[in-house]
Amino acid sequence: MATEALVAPAARRGRIRLRPSTWWQPVVVFFGLIGLWDLIALYYDKVQQLSFLVPYPLQVVEVVFAPKALLKPGQVAPNPSFLSQLLDALGKSTTVALTGLAIAIVIGVLWAVLMAQAKWAERSFFPYAVILQCIPILALVPLIGNLFGFEFNSRVIVTVMISLFPMVSNTLFGLQSADRAQRELFTLQGASRWTTLTKLQFPAALPSIFVGLRTAAGLSVIGAIVGDQFFQRGTPGLGVLIYVSNSRLNGPGTFAAIITASLLGVAVFLLFGLIGRLAIGKWYDFT
Amino acid sequence: MTTTAPSPSVTGTAPGTLLDFRNVAMQFPNGTIALRNVDLTVNRGEFVTVVGPSGCGKSTLLRIASGLEKASEGVAEVDTDRIGYVFQDATLLPWRSISKNVELLAELHHMPKAQRAAKAQEAIELVGLKGFEKNLPKQLSGGMRMRASLARSLTLEPELFLFDEPFGALDEITRERLNDELLRLFVEKQFAGLFITHSVSEAVYLSTKVIVMSGRPGSIVERFDVPFPMPRDPDIRFTPEFAELVGEVSHALREGHS
Ligand SMILES: Nc1ncnc2c1ncn2[C@@H]1O[C@H](COP(=O)(O)OP(=O)(O)OP(=O)(O)O)[C@@H](O)[C@H]1O
Ligand SMILES: [Mg+2]
């Protein structure tokens, strides 16, 4: 009877691991870029005589891990050390980013669910998602600052505003992605709106929700850094550290903070990609 | 059997009309006329197949029968609330295992967990998918997915089974095998069937009655009774009588089309 071949699930196993021929290519590029950076630093140091603008890669490592190496005779090491300032700032920015992201997820999903209920609801509320996306955040800074202070809350608000749109649009797209026959299958059984939402639309939306989540996660880091530079009071995050290091002509420190911020963005992006794969990778090829 | 049905007959094989279309017409809001003057009955114990050119309104016919669409004219009566609907695609939910997919309809009807699991298991065995309960749909072949889709409908023990070209996307061998399975289920479960297909030989092989529709707007141009007894011997496909009937139906189809 059931003699049709069972397709081996092994076919997709390869995609979790990196394919063997690809891992070293980015590594080569990495060292190439470091080399290029070193050359540029050399140019700024020897030709332009402005070494603080582009520090050597080694100096960036040193400012973080071996600050004594950079001290000129008679200079004292900063207290607290740059490394602990950097870690503090990283912690603050991560908190802001994840708080903002969490709020964006909740608002974004609820907003999309609302719009998925009826065409008129979508027509009424979607334009506002687009408008939100178009507002130059900078224009709102004084307003947000006046209303919510120049500390944590305002940074989170900026983060939410920046990362909300991909959550809303991807969730909405996902909720509408169940095909007509699947929906009719539920209709034929007299399934309620809520049942259809929870048993059909929402699971069907998960792949695009995770795509949106990954994008929103990357944006939330941007939001946290940008918010940090807008609202400079309260405990400083990476944005403030970049700003302060730069204004003190601390080239290595500026670069270290920028790189840390970038790594945070990449880490968050990868983390949510991984979560997505764990959550739905079994039935959906999430890449 | 059902308690709601006003039908006087209570046994599955007893005569009794499950589906009755009288002068049904369908015009969509955009003006497209899909059906015209359709008179059609499906009685208990009957397996009625509809063939017709693409776009003539066959799916619309089923959608009206299932209640998904309302006829714009005429009377469309269905005398049971236990209707099975098998779509052209298997329409399995990719995140659910086969057994969870088969349980879905019973779940939507709020059947207790243990009971629906037992029902699903029974249906899975009936369609020959035992051993694949834990698999995800994407791990099965197209034919097996269609079996799962059949099993899913079987859990509701439908009295009237509507099929919208369920095997159209399958290869010839798989299709013939599923035809035999379907006939076995028909004999065993005694549901009435209304089946849509593009394949004339499939139509003749499966059914007790073949209905030929004209091109759009679809109306019925000819009806054939299929005399071969049930349960059907797969080898009747190779008899001259079978070939002759297939020829007649094909001829009517071509006439109606032009
Ligand atoms: N909701 C709708 N609104 C307007 N026109 C429709 C609608 N649904 C179907 N039609 C039209 O009605 C006609 C019949 O459609 P239907 O799907 O019933 O055809 P069919 O016989 O099932 O075709 P096929 O064999 O290709 O599946 C087609 O011309 C189609 O475009
Ligand atoms: Mg159709």
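Within every chain, numbering begins at 1; the chains are lettered A, B, ... in the order of the sequence lines, protein sequences first and strands thereafter.
A donor-acceptor pair under 3.5 Å is absent between the side-chain atoms of B/D233 and the main chain of B/I236, judged by distance alone. Distance alone, capped at 3.5 Å, places no donor-acceptor pair between the A/T195 side chain and the A/A191 backbone.
Annotation: salt bridge (charged side-chain N to carboxylate O under 4.0 Å, His left out) contacts of A/R193 (sequence neighbours excluded): none.
If you measure heavy-atom distances from B/L92 to chain A, the contacts under 4.5 Å come from the backbone alone. For A/R183, no part lies under 4.5 angstrom from a heavy atom of chain B. Of the two parts of A/A204, the backbone and the side chain both hold a non-hydrogen atom closer than 4.5 Å to a non-hydrogen atom of chain B. For A/L200, the parts sitting under 4.5 Å from any heavy atom of chain B are the backbone and the side chain alike.
A salt bridge is absent between B/K100 and B/E133; no separation between the charged side-chain nitrogens and carboxylate oxygens falls under 4.0 Å.
Nearest approach of B/V51 to B/A203, heavy atoms of both residues: CG1-CB, 3.7 Å.
Between the CG atom in B/L126 and the NZ atom in B/K189 there is a gap of 5.5 Å [rounded to 0.5 Å]. With rounding to the nearest 0.5 Å, the separation of CD in B/E202 from CG in B/L182 is 8.5 Å.
Tested against B/T32, the residues B/R216, B/M26, B/Q27 include a single side chain to side chain contact (heavy atoms under 4.5 Å, CB included) partner, B/R216. When each of A/L164, A/V168, A/I162, A/V160 is checked for a side chain to side chain contact (heavy atoms under 4.5 Å, CB included) with A/L132, only A/L164 meets the rule.
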| message | Between B/R175 and B/E172, is the salt bridge (Lys or Arg N to Asp or Glu O under 4.0 Å) condition met? List the steps. | response | CA-CA 5 Å; B/R175 174 187 269 224; B/E172 191 64 25; 5.0 Å; no
| said: Working note: A/R214 + A/L270, criterion side chain to side chain contact (heavy atoms under 4.5 Å, CB included); need CA distance, chi angles, decisive distance, verdict. | reply: CA-CA 8 Å; A/R214 206 170 45 172; A/L270 290 179; over 6 Å; no
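The stretch residues 88-123 of chain A places none of its residues near chain B, where near means some heavy atom under 4.5 Å from a heavy atom of that chain. Below 4.5 Å, heavy atoms of chain A meet heavy atoms from B/L104, B/L105, B/E107, B/L108, B/H109, all part of residues 103-114 of chain B. Near-neighbour residues of residues 62-69 of chain B relative to chain A, defined by a heavy atom under 4.5 Å from a heavy atom of that chain, comprise B/R63, B/S66, B/L68.
The 12-atom threshold is not exceeded at CD1 of B/I173, counting heavy atoms of other residues, nucleotides or ligands nearer than 6.0 Å.
In this structure, B/F191 and B/F163 have tilted ring planes: the angle between them lies in the 30° to 60° band.
By the 6.0 Å and 45° rule, B/R237 stacks over the aromatic ring of B/Y205.
B/Y85 and B/F87 have their aromatic ring centers within a separation under 6.0 angstrom.
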